[in-house]
Amino acid sequence: MELTLVQAVNDALREEMKRDQRVVVLGEDVGKYGGVFKATDGLQAVFGNERVIDTPLNEQAIVGASIGMSLKGLVPVAEIQFIDFIHPAFDQIVSELSKMRYRSGGQYAPHVVIRAPFGAGTKGGPYHSQSSESYFVHTAGLKVVIPSSPAECKGLLTSSIRDTDPVIFMESKRLYRSVREEVPEGEYLVPLGKARNARPGKDVTILTYGSMVQVSMKAAEVMCEEDVDVEVIDIRTLMPLDIETVVASAKKTGRIVIVHEAPKTMGFGAEISALLSEKAFDYLKAPIIRVTGYDTPVPFSLEDQYSPSPERVIAAIRNTMAY
Amino acid sequence: MELTLVQAVNDALREEMKRDQRVVVLGEDVGKYGGVFKATDGLQAVFGNERVIDTPLNEQAIVGASIGMSLKGLVPVAEIQFIDFIHPAFDQIVSELSKMRYRSGGQYAPHVVIRAPFGAGTKGGPYHSQSSESYFVHTAGLKVVIPSSPAECKGLLTSSIRDTDPVIFMESKRLYRSVREEVPEGEYLVPLGKARNARPGKDVTILTYGSMVQVSMKAAEVMCEEDVDVEVIDIRTLMPLDIETVVASAKKTGRIVIVHEAPKTMGFGAEISALLSEKAFDYLKAPIIRVTGYDTPVPFSLEDQYSPSPERVIAAIRNTMAY
Amino acid sequence: MNAGSLSLTPSKPRPAVSSPLTGKQLLRLYYLMIVSRIADERALIAHKQGRIGFYVPAVGEEAAEVGSVFALSPEDWIFPDYRGSGIALAREMPLKIFFDQVLGNIEDVLKGHSMPSHWGDSSLNIVAPSSPICTHLSHAVGVAWAAMMKREKMVTISYFGDGGTSSGEFHGAVNLAGVFKIPTIFFCRNNQYAISVPVDRQTAVTNLAEKASAYGITGVRVDGNDVLAVYLATKEARQRALRGDGPTFIEAVTYRLGPHTTIDDPMKYRGKTEEESAWKRDPILRFSEYLTTLGLWDMEKDQVLRNKIKEDVNLAITNAKEVPKPEIDSLFEDVYSTSPWHLDEQRMEARRFVASKRQIQ
Amino acid sequence: MNAGSLSLTPSKPRPAVSSPLTGKQLLRLYYLMIVSRIADERALIAHKQGRIGFYVPAVGEEAAEVGSVFALSPEDWIFPDYRGSGIALAREMPLKIFFDQVLGNIEDVLKGHSMPSHWGDSSLNIVAPSSPICTHLSHAVGVAWAAMMKREKMVTISYFGDGGTSSGEFHGAVNLAGVFKIPTIFFCRNNQYAISVPVDRQTAVTNLAEKASAYGITGVRVDGNDVLAVYLATKEARQRALRGDGPTFIEAVTYRLGPHTTIDDPMKYRGKTEEESAWKRDPILRFSEYLTTLGLWDMEKDQVLRNKIKEDVNLAITNAKEVPKPEIDSLFEDVYSTSPWHLDEQRMEARRFVASKRQIQ
Ligand SMILES: Cc1ncc(C[n+]2csc(CCOP(=O)(O)OP(=O)(O)O)c2C)c(N)n1
Ligand SMILES: Cc1ncc(C[n+]2csc(CCOP(=O)(O)OP(=O)(O)O)c2C)c(N)n1
Ligand SMILES: [Mg+2]
Ligand SMILES: [Mg+2]
């Protein structure tokens, strides 16, 4: 069936809730309303309001209660309405969700997924556009997953729900309805921790994820005309990173462009760049280039200028080729 | 006068409160008790409980009220008891403190300093030992300052209080009482945004900050015996970074070791490494090495093993020299 | 705690026993409510026409917003949330400033940085809000605290919704204000919903004003569709604050007659009948009937006034639409007091790309 | 809300009208309180001797901790905070497990990962706490919620201090529990201080149990030095929860007789006289007098019991001290369910350095 990304989220939740009684969904407006983006549309009608729960407006309690539920054998999938509103729950995430297994010597291990839409592209201004993955990748104990297309999304969300570690699952709003693709029906899994070679190439490697995969693919197509053969790696799981795939591609091409929407400074590109200079130093033919969001909040009016465009990626590819 | 680092904090606060009526201090236990580390000891007796304020146990209100006070012309210096307990205020910091100037087009600009002790070394377990600078460096709109010695601390804290941008000022607990040094009396400023060459050298550059400067200096001394001349740069201000000093040293030595206590993945070392591979690519003679805390919570019992030791820095120096 | 419901303009119109305001003031109040209503209505239409990208209407909550602002002095600082059209306009924000903000054009005092409907203007002592719920409450506490230390006679007021009372921010700010008897007013528009979530799913206490008792402060529940009742409750709260008797939590019981924002569809979570019965309690209708009973107002005047305001609003929207968007450099302004090297670098990069329009779709 | 103070063991000893417990149970309660007291006292001494690095005593709060735990069933889950010696010991945590945790040795069930005094053990349904204030309250809500969905007859209880009621976490968790009538108990040990901050600086409401009314739940204020009153209040709360009547907020009014932790000096913020008068309300003294009046106890028995427990505790400390520290690999365990490549790499690195003891000082 052809689905948009937000429909793929819905489908994955539906399948897992059907398959596994332990799975519950909770968050603000996720029930009757089906979520402000309709990601949980119709679930309450099917699974009842005990398993699809409209909560009060308090993100820390949503995450905290999810942790508790999971300790008692449920598998909560919490929705945070926008990743921008996850910060009230930051203490729960940093102090509890990520560290509970550790501090209890493995006795109490929260099995929780937090889903949240992120990224610019929908004219949401400074508080409905952020890309906050860095905070979570830096926090040991969390897994961080970001899908780039509807099918990917279904497979990765299903795996995230089954994974026994806490997962921050970030969904690009820009992709929610802009693409449709064939998504396998029924059970469909894409493993965590494995990157995807979205476009094999030999001259330059683009390392990217989420909606920036599309942007990078467009840039790659354009570069064909200039006879530059671009490889695009869809990172998929930022933590744990598929280091083998990333390093292998870097060694092959020796020219690296990293693309993400999050701000540059301490964005995930910094970590990839550092890892590659540790693990592929002798293979690098040019400086690793980061094409990213700027180190500013996301402005309302100039949002289009904020996010990396194919043009910016192309310029980076040309730069690295010319080096 | 010879002071410890925590006394230097006290001295800087005292001087600035004397000089500038607008400066107020607030936080948990900062008043009568003088702070759990005694950083604000005696201030309430001198400046009264209107300017040295014991607050209820709520970090978000401490930061939020500080923002408000500053909009009305005060200069609040808020203490968060441990950086580990700053997370309840994370939304105030990420959504408000860092973005208010931006979203208001410059109309409302919070002039606030948040001080917090950080780092391992005092057997505090997972929640009294963290080094959280990454979160703040990644958040555009904040400045981040970490002093490495008592005199540095006084000068940098004074500058932070006078700086009109919000500053996260992180004080290494490990240094609080372990070193004493001559600290200038009266007004003493060390500018923000300028790194310090703590030990000129020509073979290898160590980039570090906070208590890791000491650790790095020890490693550097040992390396003399092996005829390796190590330069140690004390970053001081992580945001904005003194890129000139960092790049100049990297170009000079071509061999880089970055040392910090924070976890490796997405630690500040990642950003420095990425920047240097952008700006000094052709000068690098060996992979940039990061010597850091591990990607785990800080354990109670094995805390000593967690933090970078001179031995680990020495091993990194030997590795880069042997490359 | 006074949690009894205050009502001065009874639903069945009859002359008020004694109005706290002069006839001129009553008409001014009405005028402000109408401006707010029409600005919202026109903005919703402009959104449907694709002329405005996003908007948050306060339709139905005009009595709560206008009545409370009217009770303040210009030196009092106002901390609105995103649902602040009635607040901004009651503070006499010019329609030009109002709609320049909605369009985020180059003349917007917020430089197009903020989302539409996040009005603020320092010259009016309206602090530009963020979007996260209730983070501004502690700012209002801080400003009032500083004023108290400086012995300045002023109060602050923060606005938020019923849903907001569940947030940790609410708790921290109100508790702090209670301990230090901060001269501030916490003004809750209980419009019955937090997007789709009804207030009885938000908290188990039916009377939100009860929450004040957890903090040892005064709580007042007021009919939020009664502009005079709101005015009086706010006025009293202001005096209480200035007297040194601490903060007040006001619950104004009202109803959000429109959608949550331009991207909401209330029919997904509540019925037409519920909305229709709520329209019968429309605060503007009620106040106009009251004014009519007092002999201060009639249908004809009403039509003239509405037409005039409609024109003004339409013009302001059209004009705001014609003002160009901000220049690329403004993307990098106001992150810090001065631009650090990395933002200089990034600005240079951005400039390069802005010239070449996007070509790849 | 029942905010009246419950008192069953009046300060002036006289036989209780009717004790809710048998003589055997009363003696057991007393025994548990004494174990808790002596464990704390011995730990403080061991700390002074440098044999223990850090400790959080609950001296003075034994009635609150032991009395409430005694009212629970083993299947109920307990969420203590860092001041939980009486809680752990009342749950019959063996002294070995107790002190292995304090030492963080290789036999510690928490693998030495957690700080001392952060007791937890899944076999006792005690959930290992973190240090940040009140983050565990919503966990207790979640566990009870899940149990409710599974139709399991159990409740959860979370412990926290007076200071904790100011946190955003408290607000979020209690409000949520109220809305969904979650079978959980919020147990506040009001020991008058949050480190140095007295409770009247923490909140403007004098009666913390009042806070329940903000959430539409039952609030109970109980004499926290009266072990039977605490027991009864908790028992009732448990029944209320199981009946489906929702959560209870219990404020146990008590006093922290010792320091906040081993690194605190209470003389910096309160006087000797205040402490001395508080010692007169020592819950153990009071309960022993009560038992004596009942003819269940005497000085001699007391001495024998105390000596025996002292020996047990000293032995447990000595033994725990002798157990070696965890191995280096354990530093990298339990971050994830399985170790990712980067932790494998880091473990290898760490192993290399652990062999070579630190040489540079
Ligand atoms: C911390 C946070 N969480 C979620 C949101 C998304 N959100 C925006 S408005 C809203 C409902 C607010 O309801 P209420 O407080 O009653 O105010 P109203 O919109 O009814 O005026 C929600 C959930 C947000 N802005 N901030
Ligand atoms: C979020 C957070 N802020 C600050 C601290 C530091 N701290 C530890 S205990 C404490 C006081 C707690 O007082 P209370 O809640 O009354 O409990 P008590 O210690 O008296 O049992 C503080 C401020 C913390 N642990 N967590
Ligand atoms: Mg509402
Ligand atoms: Mg206390």
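Within every chain, numbering begins at 1; the chains are lettered A, B, ... in the order of the sequence lines, protein sequences first and strands thereafter.
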> Should we count CD of D:E327 as having more than 12 external heavy atoms under 6.0 Å?
Replying inline: no

> Between B:S129 and chain D, which part of the residue has a heavy atom less than 4.5 Å away: side chain, backbone, both or neither?
Replying inline: neither

> Is the number of heavy atoms from other residues, nucleotides or ligands within 6.0 Å of CD1 (D:I45) greater than 12?
Replying inline: yes

> Where is the tightest heavy-atom contact between D:Q202 and B:L57, given as atom of each residue plus distance?
Replying inline: OE1-N, 2.7 Å

> Side chains of D:K325 and B:S301: closer than 4.5 Å at any heavy-atom pair?
Replying inline: yes

> Is it true that a side-chain atom of D:Q346 and a backbone atom of B:D295 form a donor plus acceptor pair closer than 3.5 Å?
Replying inline: yes

>> Quick check on B:Y294 against chain D: is it the side chain, the backbone, both or neither that has a heavy atom closer than 4.5 Å?
In response: both

> chain B heavy atoms under 4.5 Å from D:I106: which part of the residue, side chain, backbone, both or neither?
Replying inline: neither

>> Could you check whether any side-chain heavy atom of B:Q81 comes within less than 4.5 Å of a side-chain heavy atom of D:I195, counting everything from C-beta outward?
In response: yes

> Between D:G104, D:S131, D:S130, which shows the greatest number of heavy-atom pairs under 4.5 Å with chain B?
Replying inline: D:S131

> So which part of B:V298 gets closer than 4.5 Å to some heavy atom of chain D, the side chain, the backbone, both or neither?
Replying inline: backbone

> So which of B:G31, B:G125, B:P126, B:P297 has the biggest tally of heavy-atom pairs under 4.5 Å with chain D?
Replying inline: B:P126

> How many angstroms lie between atom CD of B:E303 and atom CE of D:M115, to the nearest 0.5 angstrom?
Replying inline: 9.5 Å

>> I need the minimum non-hydrogen distance between B:N58 and D:G168, along with the two atoms involved.
In response: ND2-N, 3.5 Å

> Looking only at heavy atoms, what is the nearest atom pair of B:E311 and D:F353, with distance?
Replying inline: O-CE2, 3.5 Å

> Do you know the tightest heavy-atom contact between B:L302 and D:P326?
Replying inline: CD2-O, 3.6 Å

>> Under 3.5 Å, is there a donor on one side chain and an acceptor on the other for B:D29 and D:Y269?
In response: no

> Top residue by heavy-atom pair count (under 4.5 Å) with chain B, among D:G164, D:C134, D:G53, D:G163?
Replying inline: D:G163

> Relative to chain B, which segment of D:E169 carries a heavy atom at a distance below 4.5 Å: side chain, backbone, both, or neither?
Replying inline: neither

> When only pairs under 4.5 Å are counted, which of B:Q214, B:R312, B:H87, B:K264 shares the most heavy-atom pairs with chain D?
Replying inline: B:R312

> What residue, out of D:V335, D:L331, D:V197, D:L343, has the most heavy-atom pairs lying under 4.5 Å from chain B?
Replying inline: D:L331

> Is any side-chain heavy atom of B:F300 closer than 4.5 Å to a side-chain heavy atom of D:S114?
Replying inline: no

>> Does any backbone or side-chain atom of B:H128 lie under 4.5 Å from a heavy atom of chain D? Answer side chain, backbone, both or neither.
In response: side chain

>> Which atoms of D:D265 are under 4.5 Å from chain B, going by heavy atoms: the side chain, the backbone, both sets, or neither?
In response: backbone

> side chain to side chain contact (heavy atoms under 4.5 Å, CB included) between D:I133 and B:F85: does it pass, once the steps are laid out?
Replying inline: CA-CA 9 Å; D:I133 296 293; B:F85 304 138; over 6 Å; no

> Can you find a pair of side-chain heavy atoms, one from D:K268 and one from B:K38, that are under 4.5 Å apart?
Replying inline: yes

